[in-house]
Amino acid sequence: MGDCAIENQIRQLRFNHGEMTQQALADRIGVTRQTVNAIELGKYSPSLEVAFRIAAVFGVPLDRVFHYSPASR
Amino acid sequence: MSFREKSAWISFVTILLVFGAYFWNVARIVGGNVGGHAGFVISISLIGAFILLEIVLHITLMLQSPEEAQAPKDERERLIELKATNVAFQVLMVGALAGVGMMHITRSVWVMGQHVLLAVVVAGLVRSGVQILYFRRGV
């Protein structure tokens with residue numbers, strides 16, 4: 001529980017987009033701030049739809065936001 | 001802490017305290033330390049207190065964060081709710097089956113009723129507890 005093999009660059013991407021807050025990102029993708037925080041910390045793997053929404057907000061392909069690394073599991 | 005995690009905490013603590021007192025009262029009735037009528041009044045009062053506490057605390061919580069309270073659950077919150085309900089259902093099933101087993105121990109409908117209520121309460125407690133666990137540790 002909570003161990004996630006999917007790593008992400010959301011923190012870095014938020015920083016690169018004018019230090020976008022978790023709340024601002026959450027509002028744009030339709031989830032709570034706590035869910036964005038859980039995704040960032042690897043405590044929750046989002047659905048494909050939310051993953052694509054995140055990538056769309058930052059204007060990057062999905063694999064720039066998430067990558068699968070089974071070794072970290 | 002999110003609105004729904006706070007809500008789960010309210011339910012967990014309220015169930016634990018109020019129904020802890022309720023079943024302590026039931027044990028006193030069974031042990032003959034409290035009269036039937038007095039015990040009944042205490043039981044009904046505690047159930048009333050439970051309903052009142054849940055309503056008042058949730059309204060207070062909603063007033064503190066009205067936007068969060070009105071927002072629909074997101075996918076993580078729905079997943080947590082589903083998983084917690086699944087675990088609670090297993091607990092309820094075990095409690096219900098144990099209730100069936102109680103028929104071999106007692107013929108008292110009152111005792112069997114209390115046993116069923118205990119199963120429901122424990123399932124509710126487990127549901128809130130598992131929700132809190134998933135909110136804290138991740139799902």
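All figures in this text were calculated on a predicted structure; none of them were measured in a lab. Lettering follows sequence order; numbering is per chain, from 1.
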Q: Decide salt bridge (Lys or Arg N to Asp or Glu O under 4.0 Å) for B:R136 and B:E5; before the verdict, give the C-alpha distance in whole Å, the side-chain angles of both, and the deciding distance to 0.1 Å.
A: CA-CA 9 Å; B:R136 298 269 97 195; B:E5 186 180 345; 2.6 Å; yes

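Heavy atoms of B:E68 lying under 4.5 Å from chain A belong exclusively to its side chain. Within the 4.5 angstrom heavy-atom criterion, no atom of B:R78 approaches chain A.
Relative ring orientation between B:F19 and B:F23 is described as tilted, the plane-to-plane angle lying within the 30° to 60° band.
Both B:L118 and B:V87 belong to a single network of hydrophobic side chains, linked directly or stepwise wherever heavy atoms of I, L, V, M, F, W or Y lie under 4.5 Å apart.
The two residues B:P72 and B:E77 have their closest heavy-atom pair at O-OE1, 4.4 Å.
A donor-acceptor pair shorter than 3.5 Å can be found between the side chains of A:T32 and A:T35. No donor-acceptor contact under 3.5 angstrom links the side chains of B:Y134 and B:E81, judged on distance only. For the residue pair B:Q114/B:Y22, the side-chain donor-acceptor check at 3.5 Å is satisfied.
Inspection of non-hydrogen atoms places no residue of residues 14-27 of chain A under 4.5 Å from chain B.
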